[in-house]
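Here the structure is laid out as structure tokens; the discussion comes afterwards.
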Amino acid sequence: MTLEQLRPGHSFPEETVTITAEQARAYALAVGDETASSEDSAEPTVPPMTIVAAGLSRLIDRLGLAGGTVHSSQELVINRPVRPGEELTLKAVLRANSVRRGNRFLTVDVSFTDSARSEAVTSSSTIMAGGDS
Amino acid sequence: MSAGPVEAGYALRSISRTITQERINAYAEASGDFNPVHLDEEFARNSQFGQRIAHGMLILAIVAEMLGREFPTGWTSGGRLKARFKAPVFADETVGTYGEVTDIRQEDGGAIVRLKVGCRKDDGTEVVTGEASVPIRSPGT
């Protein structure tokens, strides 16, 4: 299916996302966030943006977007802290797909739910996929 | 943080960070986003940007870090962020975050703090602009 064939409401197959302590540490080091490395904490948590970023990169892969894709806007809600190693289910639904000034814009809503089916984090990413073909 | 010291106009402590190509490469590895516009010099040279750019999410992560430092509990338990990416950040540029409380709405057991947040380059170019909200609990609740 091409990008132009995708309709708002399209659901992508669910997949699991698990951020390990090592992945959380690598993310914190990459962004330069020394406060995010909470391994010494009694209740270590994952930097919330790690989860959102993991979802976005999987989304870009899923959409088969070519290089040159540009991130236009981002929304997110953090409902609760996530522990390293906790398994979340990623559900993604296409909210909008339009062409403006020759560029295709895709908005995808993503939820990360826990084993109790409660949303731990939700996000919405708008991506400019480049020239429409 | 309790609702006490926070009032409209309160400015969050800024975070300044230089975005090196090494940091961009590390972010690609950590996030799994290997878009060549961030990593491939030749590809980026032929893109609309003319050179490699940082991931927007790398810059947004610094804004989120600012919110997390200021509101360590509320940010991860009801924090909201809505942001637009306004301009690319190139390797070796330094960016600084900003945040200002615009409104506080009292609720049972606490309040919702609304903020204007963003990130700009040393020359004043806005790279991220947005809004955030964070719940804060009243002491003892």
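Just so you know, these numbers use all the heavy atoms, side chains as well, and skip hydrogens, waters and symmetry mates. Per chain, numbering begins at 1; letters A, B, ... match sequence-line order.
Interface remark: B:Y27 contributes backbone and side-chain atoms alike to the contact with chain A (heavy atom separation under 4.5 Å). If you measure heavy-atom distances from A:V121 to chain B, you find no contacts under 4.5 Å at all. If you measure heavy-atom distances from A:Q74 to chain B, the contacts under 4.5 Å come from both the backbone and the side chain. In this structure, no portion of A:L65 lies under 4.5 Å from any heavy atom of chain B. Interface residue B:F49: only side-chain heavy atoms are found under 4.5 Å from chain A.
Scanning residues 115-131 of chain B against chain A with a 4.5 Å non-hydrogen threshold yields no residues.
Residues A:R80 and B:T76 form no side-chain contact, since every pair of their non-hydrogen atoms from C-beta on lies 4.5 Å or further apart. Taking 4.5 Å as the limit, some side-chain heavy atom of A:I60 sits within range of a side-chain heavy atom of B:D33. At a threshold of 4.5 Å between non-hydrogen side-chain atoms, the residues A:P48 and B:W75 count as touching.
For B:E42, the CD atom is loosely surrounded, since the number of other residues' heavy atoms within 6.0 Å does not exceed 12. The neighbour count for A:R83 CZ, taken as heavy atoms of other residues, nucleotides or ligands under 6.0 Å away, does not exceed 12.
A continuous path of hydrophobic side-chain contacts links A:M49 to A:L90 [ILVMFWY only; heavy atoms under 4.5 Å]. A single hydrophobic cluster is seen to contain both A:M128 and B:V37, as judged by linkage of ILVMFWY side chains at heavy-atom distances under 4.5 Å, directly or through other members. B:F71 and B:Y98 sit in two unconnected hydrophobic clusters of ILVMFWY residues. Membership requires side-chain heavy atoms under 4.5 Å apart, directly or through other members. B:I53 and B:V89 fall into different hydrophobic clusters, where Ile, Leu, Val, Met, Phe, Trp and Tyr are joined by side-chain heavy atoms under 4.5 Å apart, directly or via other members. Following chains of ILVMFWY side-chain contacts shorter than 4.5 Å, one can reach A:L59 starting from A:L3, so the two form part of one hydrophobic cluster.
Annotation for A:A30 and B:A30: closest pair CB-CB, 4.2 Å, computed over non-hydrogen atoms. Here the shortest heavy-atom pairing between B:I62 and A:V31 reads CG1-O, 4.4 Å.
Top candidate by heavy-atom pairs under 4.5 Å with chain A, chosen from B:G32, B:A44, B:A54, B:A28, is B:G32. Each of B:P36, B:A83, B:P88 has some count of heavy-atom pairs under 4.5 Å with chain A, and the biggest count is that of B:A83. The candidate with the highest count of non-hydrogen atom pairs below 4.5 Å against chain A, out of B:R23, B:E22, B:R84, is B:R23. Interface summary for chain A: among B:S133, B:S31, B:S47, the most heavy-atom pairs under 4.5 angstrom belong to B:S31. Of the listed residues (B:H55, B:E29, B:K86, B:M57), the greatest number of heavy-atom pairs within a distance under 4.5 Å of chain A belongs to B:M57. Annotation: maximal heavy-atom pairing with chain A below 4.5 Å, among B:G79, B:A26, B:A132, occurs at B:G79.
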Stepwise, does the side-chain contact (heavy atoms from CB on, under 4.5 Å) test hold for B:F85 with A:V70? CA-CA 9 Å; B:F85 300 102; A:V70 177; over 6 Å; no

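Here OG of A:S73 is found 10.5 Å from CG of B:L60. Values are rounded to the nearest 0.5 Å. Expressed to the nearest 0.5 Å, how far CZ of B:R80 lies from CD of A:E75 amounts to 9.5 Å. Note that CD1 of B:I59 and NE2 of A:H71 are 12.5 Å apart. Values are rounded to the nearest 0.5 Å.
Not a single donor-acceptor pair under 3.5 Å links the side chain of A:D33 to the backbone N or O of B:A61. Side chain of B:R17 to main chain of A:G32: a donor-acceptor pair is present (N/O by atom type, distance under 3.5 Å, no hydrogens or angles).
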